[in-house]
Student: 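Here you go, one structure.
As the structure lists them, so they are numbered: ligands from 1, and atoms in each ligand from 1.
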Amino acid sequence: MCGIIGYVGEQEAADVIVEGLRRLEYRGYDSAGVAIVNGDIRLRRAVGKLKNLAKSLLAEPISGTVGIGHTRWATHGRPTEPNAHPHVVGRVAVVHNGIIENHLELRAELEADGHVFSSETDTEIFSHLIDRTVQTGVSLADAVQAATSSVRGAYAIAVLDQADPSTVVVAKQQSPLILGVGDGEMFCASDIPAILSHTRDVVFLEDGDMAVLTADDFQIRRFATGEAIARETTRVQWSAVAAEKGGYKHFMLKEIHEQARAITDTIRGRVSLESGDVFAEGLELSGDELSALRRIIIIACGTSWHAALVGKHYIEQATRIPVEVDLASEFRYRDPIVDAHTLVIAISQSGETADTLAALKESQRRGAKTAAIVNVIGSSIARAAGNVLYTHAGPEIGVASTKAFTTQMTALYLIAVHFGRALGTVDADKGRELLEALVAVPGEVTRAIELNAGVRDIAHQYLAATSALYLGRGLLHPIALEGALKLKEISYIHAEGYAAGEMKHGPIALVDEHTPTIVAAPRGPTFEKTCSNLQEVAARHGQVIVVGDEDDTTLQGLSDAYLPIPKTTPWTAPLVSVIPLQLLAYHLADLKGTDIDQPRNLAKSVTVE
Ligand code: AGP
């Protein structure tokens, strides 16, 4: 999830762009860059945080009143200067937020046509396509329009042409892009915060829109047909801080609502519903390599460990290879039995968790094959593991992990199907069935959020609780653990997650009218038994809050409070059931007034052991 900005007007473009990028830095900070057209195209890029670019521009300013800028959250290509945006080819400079799905085939075609690439990014394809076209005398706008007919995927782009120095052309497809309408100046940006200090008049572009910006005007057209179209201008009332959170009170709430998009982006370009296959680029093992494995061990910490517990079910059911899950902090001190027939998978949102990195290196020292599921490209764990499947969740700012968790489970789901298909233990029909269920999850997550619009009222009822029990079975046991962790880490209310079948072995002694029990009970293989546990709690005057199918009136009748979700399959149930638990924890914490995005004693990345 990168940040892009463009400007055309009378101010120094570099100042407007750097200030705007500062407002977008929460969208990614691997590198940043600007391109300004002033006679020719002046390019400046810097790896790392935005301050590095700002320092460079302070030392050697670039003047000009038309330009584009970018702050990068790497998805393709490591965070290096050559991979930083803007990407200049010939007369054209491009900044891009999104993922080009057919970038490999387009790159091959362009290279066969004599184009030489200077980066590892998918974005550079736009620069070559558009430059090739404008060089034939076609206008920048028409060249951008032509490029969109070749590219598949998600993109928000802003483009400059040295030969057309008073214009910025933009296009939007499944990545956010807005226009800012000023007095004698125009802006484009990934998000409102970037331009709020200049104008509150915003045009929200739609997928399939492109626009030509000059200082006094903007023209919008549909890039599929070239048809001109009008979009209304909205006056935005948000404060700058509120705008960075997209109008949400906390980053955590914004990130809960981003999960449908994050899951979509993690799946994007990696599945074939026709063949039932997965292209888990970066973590693809052949049938022979998998057949040589005797065991898979997944190591992680915290929420990532909960994702690992879900992944165990997926991978064992798909491959019949034994999967162990271990806390990274425990793994490295138990003299683990690891050898060349073991695959160790590290899961980490930050890619910097010290215990996970150390456990990964210990695995390698003992001769294991290693791989990783990571959100931050180029992070230490990603670099150490070698084989990496990235979650495309975008930067997760809230300390409490939400979209990273659901995208980690999505990545494990993809890996399980890929391994099963490679081994032949999952046939094409089963692969198609599993993948069709997965691609439906973003819509189910959105519906789960809609169905739980009233969860704050439930949180209110349990505000006085000083302890809570979370129960789940099978694939929902890790969700019980995750729900408990969310509650305790942001509301400071003690909570324990338990396998529902364990209640009779001790925890039921905790049940009383003051200790709510939250039960994950969507219909599925473990439903009946979970219902029995639920009734055992109710029979002892325990308050039960239940996550269940939205049409399950029987279950609702057994519940003191109900958190409805759409119908799911056994494998997708964890991805959807966690949503109401995230929201419940959030609203309880918000009602308690804790510092939700930065809870006491916690850090977003635990880089010490
Ligand atoms: C989860 O909400 C916490 N922020 C924490 O448990 C986190 O999942 C854990 O520290 C692991 O972090 P990582 O995924 O970046 O390795």
Student: Applying ring-ring contact (aromatic ring centres under 6.0 Å, His included), name anything that partners H313, two or more places apart in sequence or on another chain.
Tutor: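 By the ring-ring contact (aromatic ring centres under 6.0 Å, His included) rule, H313 matches no residue at all.
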Student: Tell me which pairs pass ring-ring contact (aromatic ring centres under 6.0 Å, His included) where either residue lies in residues 465-497, with sequence neighbours left out.
Tutor: none
Student: For atom 10 (O) of ligand 1, what is the nearest protein heavy atom, given as residue, atom name and distance?
Tutor: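 Result: V606 CG2, 4.0 Å.
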Student: In plain terms, say whether K403 and E396 are close enough for a salt bridge, that is, a side-chain N and a carboxylate O under 4.0 Å apart.
Tutor: no
Student: Indicate whether the side chain of Q174 and that of Y155 have a donor and an acceptor atom separated by less than 3.5 Å.
Tutor: no
Student: Counting only heavy atoms not in K369, do more than 12 fall under 6.0 Å of its NZ?
Tutor: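 No, NZ of K369 has 12 or fewer neighbouring heavy atoms, counting only those of other groups under 6.0 Å.
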Student: State whether the number of non-hydrogen atoms from other residues, nucleotides or ligands found under 6.0 Å of H341 atom NE2 is greater than 12.
Tutor: yes
Student: On a heavy-atom basis, I'd like to know which of E489, E482, H306 is closest to atom 3 (C) of ligand 1.
Tutor: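 It is E489 whose heavy atom sits nearest to atom 3 (C) of ligand 1.
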Student: Would you check whether T356 reaches within less than 4.0 Å of ligand 1, judged by its heavy atoms?
Tutor: no
Student: Please identify which atoms of ligand 1 are closer than 4.0 Å to at least one heavy atom of S304.
Tutor: 8 (O), 13 (P), 14 (O)
Student: For K486, take its heavy atoms, then give the atoms of ligand 1 lying under 4.0 Å from any of them.
Tutor: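 Once the distances to K486 are compared, the set is 1 (C), 2 (O).
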Student: Within the 4.0 Å heavy-atom shell around A400, which atoms of ligand 1 are there?
Tutor: 2 (O)
Student: Taking atom types as modelled and ignoring hydrogens, do the side chains of T572 and T569 form a donor-acceptor contact shorter than 3.5 angstrom?
Tutor: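 Per modelled atom types, T572 and T569 side chains form a pair under 3.5 Å.
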Student: Enumerate the atoms of ligand 1 whose separation from the nearest heavy atom of S401 is less than 4.0 angstrom.
Tutor: 1 (C), 2 (O)
Student: Please state which protein non-hydrogen atom is closest to atom 11 (C) of ligand 1 and give its distance, to 0.1 Å?
Tutor: C301 O, 3.5 Å
Student: Where is the nearest protein heavy atom to atom 15 (O) of ligand 1: which residue, which atom, and how far?
Tutor: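 Nearest neighbour among protein heavy atoms for atom 15 (O) of ligand 1, to 0.1 Å: S350 OG, 2.7 Å.
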Student: Which atoms from ligand 1 have a heavy atom of V399 less than 4.0 Å away?
Tutor: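 Answer, ordered by atom number: 2 (O), 3 (C), 4 (N).
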Student: For atom 13 (P) of ligand 1, which candidate among V374, T353, T303, I347 provides the closest heavy atom?
Tutor: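 Nearest option to atom 13 (P) of ligand 1, by heavy atoms: T353.
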Student: As an exercise, state the distance from CD1 of I490 to OG1 of T402, rounded to the nearest 0.5 Å.
Tutor: 9.5 Å
